[in-house]
Novice: 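Please see the structure below; I have some questions.
Only a predicted model underlies this, so the values are computations on that prediction, with no experimental measurement involved. Naming: A, B, ... by sequence-line order, numbering from 1 per chain.
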Protein chains: 2
Amino acid sequence: MTDYITLLKSNDLKATIQRTSILKVIEEVGHISIDDIYESVKEQHPTLSLATIYKNIILMQQHNVIIEVPMNGEKSKYELKKNDHIHLICQSCGMIQDQHLTAQTEQTLVLENFKLNRVQINLYGLCSECQS
Amino acid sequence: MTDYITLLKSNDLKATIQRTSILKVIEEVGHISIDDIYESVKEQHPTLSLATIYKNIILMQQHNVIIEVPMNGEKSKYELKKNDHIHLICQSCGMIQDQHLTAQTEQTLVLENFKLNRVQINLYGLCSECQS
DNA sequence: ATAATTGCAAATTTTTTGCAGGTTC
DNA sequence: GAACCTGCAAAAAATTTGCAATTAT
């Protein structure tokens, strides 16, 4: 369980109840769209507006608190900022699971003439549940 | 230079001038957004409507002629359907370059309990031009 | 006390839809 | 000639903006 207040302040953002609520939902669900954040956060804070979510999603990205996970054929999801990792995406049930990015994989991606900053890997397929 | 008429027909789509024009622009630019397709195609076909582009982008994805390339912080781009490959994305000039996905990299991504269908890798960094 | 943030409503932008007329096979 | 496709205009959906009241530090 992350301390969202410290997380926000250490990234030069004021710790409002709206922001900590948004971060809590993101961490609980793992990867979540703006609409689903709204639906979820409204339960505890019925006055929290969609405009506030939009503004904060943009701001918290700029301040390196969260990152966008662009998705094929649907709206982007968002996750707490972490080290580079792999997303396993089940094409049947929609599950998204983080997977450790091995040094071995990283080594195979090193190229001359390209200064690599960030690796984004999505693997689409079937999770174990959906294979049966 | 691809034969767009054959490409469309072999994927059960009628070969209209609108579709071949859209495919031509996509192939020329490599990776392009809907708005940029519209701006480009309008030069030769001023009556071609944005609604037609939206309809055809959806349809041609469903028929495996093109694929979406979802982008961080901007609208998706589209490319002709090809085998799995890597995208090198320059964070300075915006260049997107395809790179061969080696068997070596693919091997490091094989997991138990996940039936892998498709690999999507984006590498963000600086191209050789922008490093100087 | 100051500067930043919120929520609302309105504006803007993006995407989808319905349909009459035209095109492809 | 049947089924499909296009372009237009209108509708719907998504995102951004301006601003007065509120909140965090």
Novice: Ignoring hydrogens and geometry, is there a side-chain-to-backbone donor-acceptor pair from B/Thr105 to B/Leu101 under 3.5 Å?
Specialist: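 Absent.
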Novice: With DNA chain C as reference, determine whether B/Ala15 or B/Asp35 sits nearer its 5' end, using the nearest nucleotide of each.
Specialist: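 Upstream on the strand: B/Asp35.
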Novice: Rounded to the nearest 0.5 Å, what's the gap from CG on A/Asp84 to CG on B/Leu123? Could you check?
Specialist: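 Those atoms lie 10.0 Å apart.
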Novice: With distance as the sole test, does B/His63 use its side chain to make a donor-acceptor pair with the main-chain N or O of B/Asn11 at under 3.5 Å?
Specialist: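 The answer is yes, because a donor-acceptor pair under 3.5 Å joins these two groups.
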Novice: Can you tell me how far P of C/dA11 sits from OH of A/Tyr54, to the nearest Å?
Specialist: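 After rounding, the gap between these two atoms is 19 Å.
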Novice: Are B/Gln18 and B/Asn56 close enough that a side-chain donor and a side-chain acceptor fall under 3.5 Å?
Specialist: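 Judged by distance alone, the side chains do not pair up.
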Novice: Base, sugar-phosphate, or nothing: which does A/Ile5 touch, judged by heavy atoms less than 4.0 Å apart?
Specialist: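 A/Ile5: no heavy atom of the nucleic acid under 4.0 Å.
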Novice: A/Thr16 near the nucleic acid: base, sugar-phosphate alone, or nothing, with a heavy-atom cut-off under 4.0 Å?
Specialist: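 Sugar-phosphate only.
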Novice: B/Lys55 has an atom NZ; how far is it from atom P of C/dT16, in whole Å?
Specialist: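 Result: 11 Å.
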Novice: Specify the residue among B/Ile17 and A/Ala51 whose closest nucleotide of DNA chain D lies further upstream toward the 5′ end.
Specialist: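 Counting from the 5' end, the first nearest nucleotide belongs to B/Ile17.
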Novice: Could you check how far CG of A/Leu48 sits from P of C/dT5, rounded to whole Å?
Specialist: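 Interatomic distance, CG of A/Leu48 to P of C/dT5: 14 Å.
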Novice: A/Lys14 has an atom NZ; how far is it from atom P of C/dT2, in whole Å?
Specialist: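 The answer, rounded to whole Å, is 13 Å.
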Novice: Rounding to an integer number of Å, can you tell me how far B/Ile53 CD1 sits from C/dT14 P?
Specialist: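 It is 14 Å, rounded to the nearest whole Å.
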Novice: Just how far, in rounded Å, is C1' of C/dT16 from CD of B/Gln62?
Specialist: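 Computing the B/Gln62:CD to C/dT16:C1' distance gives 14 Å.
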Novice: Has B/Gln131 got a side-chain atom pairing as donor or acceptor with B/Leu126's backbone, closer than 3.5 angstrom?
Specialist: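 The answer is yes, because a donor-acceptor pair under 3.5 Å joins these two groups.
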Novice: Ignoring hydrogens and angles, tell me if any N or O in the side chain of B/Ser132 forms a donor-acceptor pair with the backbone of B/Glu129 under 3.5 Å.
Specialist: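 Yes: the side chain of B/Ser132 pairs with the backbone of B/Glu129.
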Novice: Hey, what bend do you get for the helix from C/dA1-D/dT25 to C/dC25-D/dG1 if you fit axes on five pairs at each end, rounded to 10°?
Specialist: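 Nearest ten degrees gives 60° for this helix.
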Novice: Find the distance B/Ile57:CD1 to C/dT17:P and express it as a whole number of Å.
Specialist: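 Whole-Å distance recorded here is 16 Å.
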Novice: On DNA chain D, which is the earliest and which the latest nucleotide, 5' to 3', with an atom closer than 4.0 Å to a heavy atom of chain A?
Specialist: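 Span of nucleotides near chain A: D/dA14 to D/dT25.
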Novice: With a 4.0 Å cutoff (strictly under), does any side-chain N or O of A/Gln18 reach OP1 or OP2 of C/dG7?
Specialist: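 Answer is yes, contact under 4.0 Å.
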Novice: Only one of A/His31, A/Lys77, A/Met71 clears side chain to side chain contact (heavy atoms under 4.5 Å, CB included) with A/His87; which?
Specialist: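 For A/His87, the side chain to side chain contact (heavy atoms under 4.5 Å, CB included) check succeeds only for A/His31.
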Novice: Identify the residue among A/Glu27, A/Met60, A/His45 that makes a side chain to side chain contact (heavy atoms under 4.5 Å, CB included) with A/Ile22.
Specialist: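 For A/Ile22, the side chain to side chain contact (heavy atoms under 4.5 Å, CB included) test succeeds with only one of A/Glu27, A/Met60, A/His45, which is A/Met60.
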Novice: Separation of A/Glu74 atom CD from C/dT16 atom C1', in whole Å?
Specialist: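 Atom-to-atom, A/Glu74 to C/dT16, this comes out as 18 Å.
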Novice: For atom CD of A/Glu106, is the number of surrounding heavy atoms from other residues, nucleotides or ligands below 6.0 Å larger than 12?
Specialist: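 Enclosed.
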